[in-house]
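Below is one structure, written out as structure tokens; the observations come after it.
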Amino acid sequence: MSNFTDARIIKYQFEVLIERSAADIWTLMIDEIDAWWMNDFRALGEGSKVTLNASTGGQLIESAADGSSLEWYRVQMVSPGKSLYLVGYMAPDWGGPTTSMLKLAVEDRDNGGVLIVSDALSGNVTEASASSAEGGWKTLFGDGLKGFAEK
């Protein structure tokens, strides 16, 4: 039995001001990701490890001690110290099928640095799923990364 549904697209962007230089934010975002990736965002449970290989074709992966793993995103493009373009997929179990095209960019401002988060979701996108995605990123980058960077 077939079940057709309409695909939708939403784009959003927000900024997270961080009292560190853009270079510091970049390093923490990439090299220290497991330290600031909050437990509520670990799909494989507390104690899993999150890593990011910030090169084209690299992966944002969560892995657990029992061998379980999840590819959150794959790196489409990188401009070291400036921007990272990622593509990720959400399975029907998580409200998909949906594709996320996430851009993370850093730049210096007068009062420190800023992380600019841009995302475009396409596929089975509802107002609730789009709001959840944006809110999740705001929490993860605002409380997780910013909180870690400024402690």
Side-chain angles (χ1 to χ4, degrees), residues 1-5 7-16 18 20 22-106 113 115-151:
M1 173 193 268
S2 297
N3 185 12
F4 288 98
T5 184
R8 296 177 74 189
I9 298 170
I10 187 168
K11 296 187 278 185
Y12 59 87
Q13 178 175 310
F14 62 90
E15 296 183 354
V16 180
I18 301 175
R20 299 286 290 263
D24 286 349
I25 296 167
W26 181 267
T27 298
L28 293 172
M29 183 174 68
I30 305 299
D31 298 335
E32 301 290 330
I33 191 168
D34 190 57
W36 58 265
W37 195 274
M38 301 163 70
N39 284 332
D40 287 350
F41 292 84
R42 293 179 187 261
L44 301 179
E46 195 171 331
S48 65
K49 182 175 174 131
V50 178
T51 58
L52 174 55
N53 174 354
S55 60
T56 303
Q59 301 164 303
L60 170 56
I61 292 193
E62 180 180 351
S63 55
D66 69 359
S68 300
S69 63
L70 168 66
E71 179 184 80
W72 281 81
Y73 283 89
R74 188 167 296 253
V75 177
Q76 179 185 36
M77 178 180 158
V78 62
S79 179
K82 296 179 183 173
S83 61
L84 188 64
Y85 291 76
L86 303 145
V87 178
Y89 306 102
M90 288 170 265
D93 292 359
W94 298 308
T98 304
T99 300
S100 167
M101 300 187 82
L102 182 67
K103 177 185 177 189
L104 306 174
V106 296
L115 170 65
I116 304 161
V117 179
S118 308
D119 196 10
L121 302 171
S122 63
N124 186 30
V125 181
T126 64
E127 287 185 35
S129 67
S131 178
S132 176
E134 183 176 2
W137 289 131
K138 284 181 176 178
T139 298
L140 187 63
F141 292 120
D143 296 343
L145 177 59
K146 178 182 172 79
F148 180 75
E150 293 181 351
K151 71 176 179 178

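In what follows, every heavy atom counts, from backbone to side chain, and hydrogens, waters and symmetry copies are set aside.
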According to side-chain hydrogen bond (donor to acceptor under 3.5 Å, both in side chains), who are the partners of [X], at least two apart in sequence or on a separate chain?
| X | answer |
| --- | --- |
| S69 | none |
| T139 | none |
| W72 | E62 |
| T51 | none |

Could you list the residues that satisfy salt bridge (charged side-chain N to carboxylate O under 4.0 Å, His left out) with [X], not counting sequence neighbours?
| X | result |
| --- | --- |
| D40 | none |
| E15 | R109 |
| D34 | R42 |
| E46 | none |

Looking only at non-hydrogen atoms, find the nearest pair between [X] and [Y] and report the distance.
| X | Y | answer |
| --- | --- | --- |
| G144 | M38 | N-SD, 3.6 Å |
| G142 | V16 | CA-CG1, 4.1 Å |
| T126 | R8 | CA-NH1, 4.2 Å |
| L28 | F148 | CD2-CE2, 3.7 Å |
| V78 | S55 | CG1-CA, 4.1 Å |

Test side chain to side chain contact (heavy atoms under 4.5 Å, CB included), reference V87, set V75, L102, T99, output is T99

Only residue of V50, L145, L52 satisfying side chain to side chain contact (heavy atoms under 4.5 Å, CB included) with W37 is V50

Practice item. Can you establish whether the number of heavy atoms outside L70 located under 6.0 Å from its atom CG is more than 12? Key: yes

Applied to residues 116-135, the salt bridge (Lys or Arg N to Asp or Glu O under 4.0 Å) test, sequence neighbours excluded, yields E134-K138

Residues 72-93 vs salt bridge (Lys or Arg N to Asp or Glu O under 4.0 Å), sequence neighbours excluded, gives E71-R74

Residue pairs meeting side-chain hydrogen bond (donor to acceptor under 3.5 Å, both in side chains), one or both in residues 83-92, sequence neighbours left out, come to Y85-K103

CG (L140) and CH2 (W36) are apart, to the nearest 0.5 Å, by 5.0 Å

Applying side-chain contact (heavy atoms from CB on, under 4.5 Å) to A64 and not counting sequence neighbours gives L44, D66, S68

